[in-house]
Structure formats: structure tokens, C-alpha cells
Amino acid sequence: MKIQVRAMACATVSLAAMLAAAPAWSQETASIEDELIVVTGTNIRGAEVIGSAVQSLTAEDLAKTGKATIAELMRELPVNFAGGAAKSDGNRGGQDTSSGGSNMTGGSGVNLRGLGALSTLVLVNGRRVAVSGQFGDYVDISNIPVAAIERIEILQDGASAVYGSDAVGGVVNIILKRKVDGLHAVGRIGTATEGGGFEYQGSLVWGTGWDSGNVVLGYEYNKQENVLASQRNFNGGDFSDRGGVNWPRYTSRAGTAANIFTAGASSNSPVAYTVPVGPGTGLTVGSLTPATGGFGNSYDPWESFDILPEMQRHSLFMSFDQQIGDRLEVYGDARYTHRKGSYNTGYGVSYNSLPATNPNYITGVSNNFGVVIDDLSLHRDVAVKSLALEGGVRYEMFGDWIADATVSYSREKQFRQSQALRDSNVMEYLPSGAFAPSSLVCSLMGLNSSNIGAIAVPTQAQTYCAGLNYETFNPYSSEPLSAAVLNQLIGYEDLTFKSDVIQTTLKADGTLIDLPGGPLRLAGGVDYREEKINGVLDFNYRSINPHVVPYGTTKQKIFSMFGEVSLPIFGEENAVPGIRALEFSAAVRHESSKGLKDFKTTDPKFGFRYAPVEGFNIRGSWGTSFHAPPMRFQYDGPQPVGGGNAIFYGNGLYFAPCNTTLVELNGFSGTPGSATGNCSFTGMVVSGGAGPTLKPETATTWTLGLDIAPPPIPGLRIGVNYFNIKIENRLVRITGGTLSGILANYFATGTSPYINNLIFNPDDALVQSLMDDPRFIGLSGAGPTRTASQIQGIIYATQTNLANLKMQGFDLSLNYAFDAGSLGEFELFGNGTLITGYEIEGVPGAGYVDKLGLYESTGNPVEFKSRQGIAWSKGAFNAVLSANYTSGYECVSGCYVPSATGAPITNTSPVKIDSWLTFDLQLGVDLTGLGGAFRDAGLTFNALNVFNQDPPFIDTGRVVVNNAAEPYDQANATIIGRTVSLTLRKRF
């Protein structure tokens, strides 16, 4: 508390001293009304950003895209890459990207330059908002209503000198409406033509103004229906029709009628017998059907599984501005969103062993089985309550100097309620100190208080299970399970997380002195914010009894001082031939943090703009930026939940080629030594936070650009922006969605950027130390309990300051608007991002490796993305045709192809991934000419992906550990297909 008081005291004194000197500096007066606009990328009002490219999208531009949400819009922008928490389709796998992992609610982030959502600073009205996800590693833009947006500004450059942490890849500033005249109503309906995804959206925005102020009030509702995988070309995971693997045949060896394996039970173990349909009682070996070739029954892992969830959102927002007297203005705004959704997540699948104590035990077989529990389709329900408040005071000091004091508060409260198999136990213990059996294992034992006495010397596990008096589970029965057995097999997980940020900023800016080239302007101030994340877990899916586990609260306090100067050397008043304009800018920000990990950083930025003639600008910038480790990355307390901090091992979850010598294989599935196919090894995973050891990522960026708007060709604007980024101490982590690809790449090449995070055939003492760690939660999945000497690999999936990165490329833009007389008005437009270099040094000193255009599950950017088209208007009619292009790329290693026998093997030669080109069409008509109720009304038809172009096929097997490989790359394409919508707008 003393630190906070001293920080605020220093801030107040510094600002007061600066304002006291302001009268002597100022030489001219400007009204508050005319100069309140602050462009993203600078703290100086009314000034353009010097040196850096800023892309601005107005509310009208948003309407022309046909997108219903900001998340959909941002995904299509060439400068943004969809890898990470930035997509709506797909919810399997991926510790970061999935609603089943740390994303929690299926939110959407922004990933400028493909550097990750952590490296993009997202602001609303220039203010920070609370982070989302269990790790707090992105800002969820899906909670912001489109109806509230005035414009979106995207700074395509590092900007920590202005904004502090996270502004490495760039800044997205979502600016909400502050002035509206009358009542504006919008209604929209839409659907995906391939089935599912029906959408309703409506909004009402009302505003009014008076001599000294104005107010805006608004509401928006959005509902989207789900899209099942069966409604798209997932084909149950069988990709053999397009040259891929028939995954269910090899990795989904379970069925409604169970399989019995020759040895251990896992998703790809050889099958000995299949069980006949029926009650499954009194079976003998003769009752079973021998399997051919080790195959047996399989199932569709995508059955009853959503790739797009059902989601609905209610949003309320308001803003006001009120001038008090001649010099003082107060302002504020508020925003609240309640978003909730539901995912179908398929059926539970159990690979386990039936003990001899179960009355349905079959003598003469392994009784290791695989069965689909299809009596209940599993669900995951999510919800978010998002709140943001802001209030401030502006005071006109002297001349054009204005002081601005702002306080803002933002909160994201996230909920996830999931169903899952109760196939592990991390809470109850036996007298020996070992974990007690899981609820599923106890259900299979068939023991209770009335029959336990028949066992002369029962084990501790048998005694424990008998005391529960469970109803016996018969996995060999294909008849419906009783409600009691279902409750024993299917459990719940309720997870709540809350993230808060409060920010106070004191700032002043104005003219220091008038120079021949224009006013020398300054801005400076102080900023203080507190951030906090905490959570609570209530579950029984990994325990026998319900348990409530609070997560440790993480906090950090950040104090910053910043300053900025805009220096014009030549301008309109003193221009000379060859120098129409020449101006420079400099900014600096010092930021210090107190929390789990203290840090201090000072970041400068310099920019220039030179105009030799009218309509031709040369500009450039250089600066440093940083990204501080998110608080939850530093927290390493036990978290027994998917995406949380834990240490566990699995027998049949991690795979290597059966002929590899790089790791000992366990023979649990597959045949070690075989020339084809994949075999499992027993892997231990250390997941989650790294503790207070992480350092900030640091970046150096510079840009050089041209802006051309030749006066002889009115309406023509051309922009070329070169960018160069170097990042050191980059934070990386192996996640659930990337692990299979990382392992495949390692076993194919013998190396990996994550080599320091992978330890194979580890020392027993190291394994035992991890087993003794309080985060250790034991076995995940089926198979025998292992000792330290039986662990064959360790995977450190914690955050690490591991990598360095170099990136360079060009942002390109073109707009040409012209009047074609009787044909109407036309505009040609286009913008794209061309990346010419993307290199990663996976381990310091190992040398940089070119990753541009190479598919990896970690999400490398493609070489070129663009959006271009033509707009036309005449009278009441308008039309826009646009094309979205993503260049082709390739998978050098880590993707899957079928072997000669059809078994999945990793590719040994590059696999080409085709480019993707889709077209969008918008047709609009202004209905005002019809008069009456149609006055100030308009109708718009939108068709996205008009030709229903499928995404390029790629068989990554990237979530094969969850037995549901996907036939496309979510980071660069969507599989939703053509969508159409009709929007009616009316002003009253």
C-alpha cells in the first residue's frame, strides 16, 4: 500500500509541475471540441502518428465487410493471423486455443504479425481491458458489440514507448461511439448454407446532444446456432478420400460394442476380439468375434461434436460528455456483456481393464477393452460477464494545453461447466498414500459391502471401492446404462475465473512553442494500474467426492511515466522546393512492475516524415517494445484441471514411430520394432506456470514506408510499409494442441526447437522428484501404474524464455475512387501483408532457422495474405465484391500420410498445402426513396465465401491424442463454408 501511495503522489506532483509551466509554453488557443481526438499511436491530440502506419476501419467499413462480430472481421485482415485464441470454429485440443483448455469460453483474440495474442495490445477507447482465459493471455474481442463501434484503429508497429507492455506486434484500439443523432435500429439474420450456424442479430442505438454535451445509449443481441462436424467435410475422421489417413481405423479402436485387445488397452492397440451386441453377460471366448488384422470396431470421434458452438450475447453500452463552464469537461462510458454458449463434445470413450471381480469377466482373454459410452452426449457450457467502466475530466489549462485525468475499471468473469469421464482420481488416497482408484475403476470392480467378504485378503483398492457400494458397470453390454452407473462414469467440472484491471492516467499535452514549420507539441504524464486474476474449481470428474479448490490469486502493480514530442522542421508556412514537410517525433516510457516477478524497462521510439512534394510522404520509425509475462504464467501452484498446473503421465497418449531408437517404447499399443505405424511411450508432462522466473520478451522494431496520394489523380492512395522486428527471450510453451506435431517433428528429424523441453529415457531420480512434487496428479488415461524407472519421456510444457525471432516484410495498400459518370462511382481497394523473412532461433546460440511458409502446429505465418476488391454505387444502389487470398505453404515434417498398408506415418517429403481464395459479395439498397416507413432505411445482402470454397486439405493429426484429427489448418482457413445474411437498417 505504501508503494501505491508513493507512486500516486509522485504522479500528481509531476503532472502538477508540468501544468504549472504550461502557460509560459503556450502561444495559441484551441477549443477542446476541435482537438480532443487522439489517434492510436500517439498521446498528442489532433496529431497524426509520425513514422508508423495506422489502418483505420470506420463503422461504415465494418458494415461493408458483412461480418457480424469484430472477431470475424479481424480474422479476415491480412495483418492479423488467426493462430492462437483467434477463431470461432474448432474446440478440440489446444491448451490455448480450445474452450476445453485455457481459453475456457471460446473467446477470440488478435494476433498481429502472427507473433501471438500476447504480443498484440488491445485497447478500448485507448484504455486497457481485463484479460481472458485461464492464463490471462489474450483480450476477448468477442465481448464487444459491433453497434457500439465508431472505428477501429490498428497501429502496425511496436509501441511500448506509448503504451507499455504487450505492444510488440502492434496495437488495436477499438473506439466506441460518442455522438449519435436519433435512434438507429439494425436487424440481421444469416445462416451457413451447408447447414447449421443460423444467426440472429439486432441492435438499438440512441443518442442526443445539447449545447454543452451529448449521450449515447445502446443494446445489441446476437445469437448463433451450432454447427456439427457431421455437417461439414470431416467424414468421421476418415480422410482416405482425399489422400489422407483413415484415422478411426487406427486410433479409434472402440465401439458401442466393445473391443477386447491382445494386450494393453489404448486407442490404437491391436484388437483380438469384438463383443457381440447384447446384454454382455455370460460371455465366453466362443461368444466373441475374432478381429481381422488387429482392427475390430471403430467409432466416429466427431459424432455429436460441435465445430461451432451455440452462442448468444447481450450487450449494453453508454457514453456521455458534458462541458462545465468554458474550460472543464467530464466524460464517461460503460459497457456490459453477458455471453453464454454450449458445446456438444461427443461421447465418452473408455480404454480400461475389466478385473476378475466383475461378474462379466471373460476367462481366456485379456479383458483390456475399449468401449464408447454413447448413452449420454457430453456438453460444455461456457459464460462470460464482461464489465468496463470509464470516467474522466479534461481541463483546458492555458492556450491549447489540456490536462486529462482518467480512471477505468474492467472485469471479465468467466465460467465453464463441463462433463467428462471420471477415469482418474487426484484427491482421495489409500492408507498406503497412493491415489485411490477412480470412480470408473471402482465401477468396473463390481465390489460392494455385501460381496467384499468373499475375498480372503482384499487389497486396499478393493476395500476402498467396496465401501462406495457402486452399481457394477458392464462394458460388454450395448444396452442402455442405468442412471446410477452413468452418474458413476460421467462427472463434472465447474471452473470460475475472474480477471480485473483498474487503470488511472494523468496526462497533459499542448504546444510548447511555435516554430516556422509548425507548433512544437509535447505530451507527458503518469499511469498506474493494478491487475488481478483468481479462480475457483469445483469438480468430481477427477475425484470420488466433489471438491472445491481455490486458485491462488495473482496480482501485479505497474507504474509508468511517459513523454512525447512532435517536432516540425518544415511545414506549410516554410516549405521550400524539395521539402514540403519534414517532422520528427520522439517518445519514451518507463514502466516498473511489482508482483510475482518485478521488472523495470525503459522503451524509446523515434519517427520521421519527409514530404518532398505534395502527396508523397516518406516515413520511418525505430523503437523498442516489450511483453511482460502474464501473471498466470508465473503462478505454479497446483491446478488439477485441463490447461492448469499439474504433473501427470500417460501410457497411451504419446506416440513415436515403432522403429525409432530415440525413445524406449512401452509396447502398450503397436509393436515396437515394426517398420510402419506408431507406438506409444509412457510420457510425463509438466504443464502450466513456470514460477517467478520468467523475463519480459524484448523487441526492436523499425519501419520505412511510402504514402502516395498524387494531386493529379484525385482519389488514388498507395501505401507501402516495410517492417523489421527482432524479438529476444520469446516466451514459448508446448501445448496440448501442438504436442503431437512437435513429437512427430522430433522423431522425424532428431531435433526440435523445444529440445531443452524434451527429455527421453530420463534419470530415475529426476522422475521421482517430479512424482514427489505437490503438482503431481498421477496417471492420466488407461494402463498400469508406473514407477519412476518406467517413465520413458518427460515433456516440460511450461513457459520458457527460450526463443529468439526475426521477421520482416511489407504491408501494402491501394485505394482508387473515381466517378464514372452515368455508370456510377467506383472504388478499387486492396491491402495485404507480404512476409519476406520469418526465422526462429529455438535455443539461444543454435542459429536461426527459416520458418516462413512452413506448417507447424505452433503457427508460423504464411508468406502472403491479402484482401482486395471493387465497390460500386449509383443512386440508391451499391455493391462490393472482394477477394480474400492466403498463399500456399508446405509441411516439411510432422504431418501424416498413409503408409502402404494405410497406417498413419509422418511425411518424409514436403506436403504442399494449397493457396486459398474466397470471394465475398455485398448488395445494398437505400430504401429512402420509397418514402413513408422506408425513409432513412436500407437493406443489405451479404454472401461470404460465395463459391463455398473448401479450405485446403492438410492431414496434421494434430489432435490425434484426442482421436479427432482435423482436415484443415485452423490458423489459416475456416471450414464453415458459405454464409449468407440480410441486414435491415433504419434511422428514426
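The nearest pair of heavy atoms linking Arg178 to Gly332 is NH2-O, 3.1 Å. The minimum heavy-atom distance between Arg411 and Asp500, with the atom names listed, is CG-OD2, 3.4 Å. Residues Thr700 and Trp622 share a closest heavy-atom pair of CG2-NE1, 3.6 Å. Between Pro630 and Gly136, the shortest heavy-atom distance links the atoms CB-O, 4.0 Å. Closest approach of Ser142 and Gly107 over heavy atoms only: OG-CA, 4.1 Å. The shortest non-hydrogen separation linking Ser319 to Lys177 is OG-O, 3.1 Å.
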Task: Chi angles and distances behind the side chain to side chain contact (heavy atoms under 4.5 Å, CB included) call for Val139, Val110 - done: CA-CA 8 Å; Val139 170; Val110 183; over 6 Å; no
Open item on the list: Set out, in order, the CA-CA distance, both residues' side-chain angles and the distance that settles side chain to side chain contact (heavy atoms under 4.5 Å, CB included) for Tyr409 and Gln503, then state yes or no.
Closed with: CA-CA 6 Å; Tyr409 171 75; Gln503 181 181 11; over 6 Å; no
- [ ] Take Arg151 and Glu153 through the test salt bridge (charged side-chain N to carboxylate O under 4.0 Å, His left out) and record every step on the way to the result.
- [x] CA-CA 7 Å; Arg151 66 186 187 277; Glu153 294 180 342; 2.8 Å; yes
TODO: Give the C-alpha distance, both sets of side-chain angles, the deciding distance and a yes or no for side chain to side chain contact (heavy atoms under 4.5 Å, CB included) between Thr120 and Asn80.
DONE: CA-CA 10 Å; Thr120 299; Asn80 184 52; 5.9 Å; no
Open item on the list: For Ile44 and Glu564: C-alpha separation, side-chain torsions, deciding distance, then whether side chain to side chain contact (heavy atoms under 4.5 Å, CB included) applies.
Closed with: CA-CA 8 Å; Ile44 300 175; Glu564 187 175 347; 4.1 Å; yes
Task: Test side-chain hydrogen bond (donor to acceptor under 3.5 Å, both in side chains) applied to Asp494 and Thr496, step by step - done: CA-CA 7 Å; Asp494 292 350; Thr496 301; over 6 Å; no
Open item on the list: Show, in sequence, the C-alpha distance, side-chain angles and deciding distance for Asp603 and Ser160, and conclude whether the side-chain hydrogen bond (donor to acceptor under 3.5 Å, both in side chains) test is met.
Closed with: CA-CA 6 Å; Asp603 291 281; Ser160 289; 4.8 Å; no
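Note that CG of Leu758 and CD1 of Ile794 are 10.5 Å apart. Values are rounded to the nearest 0.5 Å. Atom CD1 of Ile742 is separated from atom CD1 of Ile795 by 9.0 Å, given to the nearest 0.5 angstrom. In this structure, the separation between NE2 on His627 and OG on Ser119 is 5.0 Å, given to the nearest 0.5 Å. Between atom CG of residue Leu739 and atom OG of residue Ser687 there is a gap of 11.0 Å, rounded to the nearest 0.5 Å.
Checked against the 6.0 Å centroid criterion, the rings of Tyr551 and Phe497 qualify as a close aromatic pair.
Between Ile149 and Ile174 there is a side-chain heavy-atom pair separated by less than 4.5 Å. In this structure, Arg416 and Arg380 have side chains that are in contact, with non-hydrogen atoms separated by less than 4.5 Å. A heavy-atom distance below 4.5 Å is found between the side chains of Tyr343 and Met311. The side-chain heavy atoms of Phe648 and Arg775, taken from C-beta on, include no pair separated by under 4.5 Å. Looking only at side-chain heavy atoms (C-beta outward), Asn804 and Lys726 stay at 4.5 Å or farther from each other. You'll find the side chain of Val172 stays beyond 4.5 Å of the side chain of Leu121, heavy atoms only. Between Ile533 and Thr553, every side-chain heavy-atom pair lies at or beyond the 4.5 Å cut-off. In this structure the side chain of Val407 never reaches within 4.5 angstrom of the side chain of Glu390, judged on heavy atoms.
Shown here are the salt bridge (Lys or Arg N to Asp or Glu O under 4.0 Å) partners of Asp538, two or more places apart in sequence or in another chain: there are none. Evaluation of the side chain to side chain contact (heavy atoms under 4.5 Å, CB included) rule for Thr337 yields Asn143, Pro145, Arg313, Ser315, Arg339, Ser386 as partners, not counting sequence neighbours. Every residue meeting the side chain to side chain contact (heavy atoms under 4.5 Å, CB included) condition with Ala161, not counting sequence neighbours, appears here in chain and number order: Ala587, Lys605. For Ser593, the side chain to side chain contact (heavy atoms under 4.5 Å, CB included) criterion is met by Gln556, Ile558, Phe599, not counting sequence neighbours. For Trp702, the ring pair (Phe, Tyr, Trp, His ring centres under 6.0 Å) criterion is met by Tyr722, not counting sequence neighbours. Remark: Gln55 engages no residue in a side chain to side chain donor-acceptor pair (under 3.5 Å) (not counting sequence neighbours).
In this structure a side-chain-to-backbone donor-acceptor pair under 3.5 Å is present from Ser410 to Ala130. For Ser408 (side chain) and Leu389 (main-chain N/O), no donor-acceptor pair under 3.5 Å exists by modelled atom type. Side-chain atoms of Arg128 come within 3.5 Å of backbone N or O of Tyr163 as a donor-acceptor pair. Asn125 places a side-chain N or O within 3.5 Å of a backbone atom of Leu176 that can act as its donor or acceptor partner.
A donor atom on one side chain and an acceptor atom on the other are found under 3.5 Å apart for Arg127 and Thr505. Under the 3.5 Å distance criterion, with hydrogens and angles disregarded, a donor-acceptor pair is assigned to the side chains of His590 and Thr602. Residues Tyr138 and Asn111 have side chains that never bring a donor and an acceptor to within less than 3.5 angstrom of each other. For the residue pair Asp404 and Thr406, a side-chain donor N or O sits within less than 3.5 Å of a side-chain acceptor on the partner. Counted by atom type alone, Glu697 and Asn801 present zero donor-acceptor pairs between their side chains at under 3.5 Å. Counting only N and O atoms by type, the side chains of Thr40 and Asn173 include a donor and acceptor under 3.5 Å apart.
Geometrically, Arg113 engages Phe723 in a cation-pi contact defined by less than 6.0 Å to the ring centre and at most 45° from the axis.
Of the candidates Lys507, Arg394, Glu329, Ile402 forms a side chain to side chain contact (heavy atoms under 4.5 Å, CB included) with just one, namely Arg394.
A salt bridge is defined here as a Lys NZ or Arg NE, NH1 or NH2 lying under 4.0 Å from an Asp or Glu carboxylate O, and Arg529 with Glu531 meets this definition.
Using cut-offs of 30° and 60° for the angle between ring planes, the His338 and Tyr336 rings count as tilted.
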